[in-house]
**Student:** 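I have a structure here, written as structure tokens, and I will follow up with some questions on it.
Numbers here simply count residues along the sequence, with the first being 1.
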Amino acid sequence: MSMTKNKNSNTDKEYHFDNFFNISADLICIAGFDGYFRRINATVSKLLGYSEEELYARPIHTFVYTPDLKITLETREEVYKNKPLLNFENRYLTKSGEIVWLSWTSMPVEDEKLVYAIAKNITHKKRIEEERNILLANLTKINKDLKHLSYTTSHDLKSPVNNLLSVFDLIDISKINDEETLEFINILKITTERLRETLKKSVDDMIHKDELNASIESLSLNDNLNEVLLSINSLIVNSKIDISIDFSEVPEINFNKEYLKSIFLNLITNSIKYSKPDAFPSISITSKKENGKNQLIYSDNGLGFDMDKVRDKIFGLHQKFHNHIDSNGIGLYLIYNHITNLGGRIEVESKINEGAKFTITFKD
């Protein structure tokens, strides 16, 4: 009786396991260290468009989208060294030629020479994110271009206006006897002076509107950073990043809150994204007072840049300096605009494989 009960219990467990495996909306896979699928659920075949026989017959990496193959193979080698993989994103190519984004969590079992993996289809999320980034970048660029055009036009007009006023000053009206001519000269001079004042007011108004659109307030660097860290907590934990913080010299700055959060977010996620494969990411964030100006100094131990090659385009739109599959060339562009729009500046020091150091100097 006891044996029969145990047998039924085991059968129930097997049944429930198979049921979970087969009806899951996520991709569930068991793969061997030899790089082949050992078992897959129906979702894998349905999403990729291959029959189970086709999926079992070929090495897994042959289904990976070619631009993601190198980082996929490197990451797989880390899994084989008994390192669990969390939230790894790469692209697969379906039988019909469609690209799909997958987010993998993989757990190796070294004794069995097997990897147990679950993947979520995040293609829709990636498309929305890409469209949002493109829209945001384009709007930012259009706004910047319009402001640049306005500033340039005002600046270019100031020179001829000032030259014209200088000409009026050089005219010796004592030698002009015709009253009508004197009146015309006086009208032209007054009109030119008003034009100069209008140009000056136009530039002042644009600067004032920039300040209104990006409201400035006293911000705690520590509180602002903690908000960002909390929002990406799972990424922080999974990346095993080491973060050193020292805001003792300048604990607060006058800046726009959303801009500052965006700066922290982009810098930190970049440090994780572009960390060296043989080392956990490490960053240092400090503040200081330099020549009466508040500064934020951010440095990491990542892949770094070849500054001789990228110095003039590092903050450009859609500029990419590493072959990371999730790179879109927007983060540094946004950081630069947040800082310069409020009168600050940002400088970069970096070497290949020696990390990067960003020094942000605020307006006041």
Side-chain angles (χ1 to χ4, degrees), residues 132-133 136-137 139-152 154-155 199-233 236 241 243-272 283-300 314-317 330-350 355-364:
R132 175 186 172 276
N133 285 336
L136 179 60
L139 287 174
T140 303
K141 186 176 187 301
I142 290 169
N143 184 51
K144 183 181 178 182
D145 288 346
L146 287 173
K147 286 193 293 185
H148 179 72
L149 176 62
S150 298
Y151 282 122
T152 302
S154 298
H155 179 271
L199 290 173
K200 182 179 182 302
K201 186 177 183 301
S202 175
V203 173
D204 291 342
D205 285 346
M206 283 188 286
I207 294 172
H208 181 61
K209 286 178 181 178
D210 282 346
E211 292 175 349
L212 289 177
N213 290 335
S215 59
I216 308 299
E217 57 185 306
S218 179
L219 301 173
S220 165
L221 290 172
N222 195 61
D223 290 349
N224 199 282
L225 176 60
N226 283 337
E227 282 189 45
V228 172
L229 295 179
L230 185 62
S231 71
I232 54 172
N233 182 61
I236 296 293
I241 187 171
I243 304 177
S244 173
I245 304 167
D246 183 4
F247 295 144
S248 57
E249 187 169 340
V250 180
E252 296 183 348
I253 62 165
N254 292 321
F255 203 65
N256 177 267
K257 184 175 183 179
E258 295 306 316
Y259 282 7
L260 185 58
K261 285 168 63 177
S262 177
I263 291 167
F264 279 139
L265 179 65
N266 279 291
L267 287 175
I268 294 169
T269 53
N270 275 358
S271 292
I272 295 173
I283 63 175
S284 169
I285 314 175
T286 62
S287 63
K288 72 173 186 176
K289 183 82 73 173
E290 183 73 19
N291 297 324
K293 298 281 188 179
N294 292 331
Q295 288 187 334
L296 188 70
I297 296 91
Y298 180 101
S299 59
D300 65 23
I314 192 167
F315 295 116
L317 180 61
I330 292 176
L332 290 179
Y333 172 79
L334 291 177
I335 289 172
Y336 177 81
N337 278 277
H338 292 333
I339 295 166
T340 56
N341 281 349
L342 294 182
R345 69 177 188 274
I346 180 169
E347 298 168 307
V348 189
E349 300 173 37
S350 183
K357 177 182 178 183
F358 295 87
T359 301
I360 299 169
T361 303
F362 299 98
K363 183 178 178 182
D364 52 28

**Student:** Is any side-chain heavy atom of I297 closer than 4.5 Å to a side-chain heavy atom of K357?
**Tutor:** yes
**Student:** So L219 and N254, do their side chains get closer than 4.5 Å, heavy atoms only?
**Tutor:** no
**Student:** Mind checking whether K289 and V250 have side chains closer than 4.5 Å, heavy atoms only?
**Tutor:** yes
**Student:** Apply side-chain contact (heavy atoms from CB on, under 4.5 Å) to N226 and L229, showing your working.
**Tutor:** CA-CA 5 Å; N226 283 337; L229 295 179; 4.1 Å; yes
**Student:** Indicate yes or no: does E217 engage K257 in a salt bridge with an N to O separation below 4.0 Å.
**Tutor:**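 So E217 does not pair with K257 through a salt bridge.
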**Student:** Closest heavy-atom contact between S271 and D300?
**Tutor:** OG-OD2, 2.8 Å
**Student:** May I have the step-by-step check of side-chain contact (heavy atoms from CB on, under 4.5 Å) for I253 and L221, ending in yes or no?
**Tutor:** CA-CA 7 Å; I253 62 165; L221 290 172; 3.9 Å; yes
**Student:** What's the shortest heavy-atom distance between N222 and F247, and which atoms?
**Tutor:** N-CD1, 3.5 Å
**Student:** Once you round to the nearest 0.5 Å, how far does CG of N224 lie from NZ of K261?
**Tutor:** 6.5 Å
**Student:** Contact between L296 and F362 at the side-chain level, heavy atoms closer than 4.5 Å - yes or no?
**Tutor:** yes
**Student:** Please report the shortest heavy-atom distance between R345 and I339, naming the atom on each side.
**Tutor:** N-CG2, 3.4 Å
**Student:** Do L225 and I285 come within less than 4.5 Å of each other through their side chains, counting heavy atoms only?
**Tutor:** yes
**Student:** Quick one: does any side-chain atom of S262 pair with a main-chain N or O of E258 as donor and acceptor, under 3.5 Å?
**Tutor:**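 Not at all, since once roles are kept as given, no pair shorter than 3.5 Å links the two residues.
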**Student:** Taking all atoms of both residues into account, what is the closest heavy-atom pair of S350 and G355, and its distance?
**Tutor:**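 Of all heavy-atom pairs spanning S350 and G355, the closest is OG-O, 2.8 Å.
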**Student:** So, do T269 and L265 sit near enough that their side-chain heavy atoms are less than 4.5 Å apart?
**Tutor:** yes
**Student:** Do T359 and Y298 pair up side chain to side chain, a donor and an acceptor below 3.5 Å, judged on atom types alone?
**Tutor:**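 The answer is no; no qualifying pair exists.
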**Student:** Starting at CG of L342, measure out to CD1 of I216 and round the result to the nearest 0.5 Å.
**Tutor:** 4.5 Å
**Student:** Going from CD on E252 to OG on S218, what distance comes out if it is rounded to the nearest 0.5 angstrom?
**Tutor:**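 Here the rounded value is 4.0 Å.
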**Student:** Taking side chain as C-beta onward, heavy atoms only, is I283 less than 4.5 Å from L267?
**Tutor:** no
**Student:** Would you mind reporting whether I346 and L332 have side-chain heavy atoms less than 4.5 Å apart?
**Tutor:**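 L332 vs I346: side chains apart.
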**Student:** Test side-chain contact (heavy atoms from CB on, under 4.5 Å) on N341 and N256 and set out the steps.
**Tutor:** CA-CA 11 Å; N341 281 349; N256 177 267; over 6 Å; no
**Student:** Check the side chains of D246 and S248 for a donor-acceptor pair under 3.5 angstrom, ignoring hydrogens and angles.
**Tutor:** yes
**Student:** Could you tell me which non-hydrogen atom of K293 sits nearest to which non-hydrogen atom of T361, and how far apart they are?
**Tutor:** CB-CG2, 3.7 Å
**Student:** Angle between ring planes, Y259 versus H338, binned at 30° and 60°: parallel, tilted or perpendicular?
**Tutor:** parallel
**Student:** Run the side-chain contact (heavy atoms from CB on, under 4.5 Å) test on I241 and I243 for me, step by step, so that the C-alpha distance in whole Å, both residues' side-chain angles and the decisive distance to 0.1 Å come before the verdict.
**Tutor:** CA-CA 6 Å; I241 187 171; I243 304 177; 4.1 Å; yes
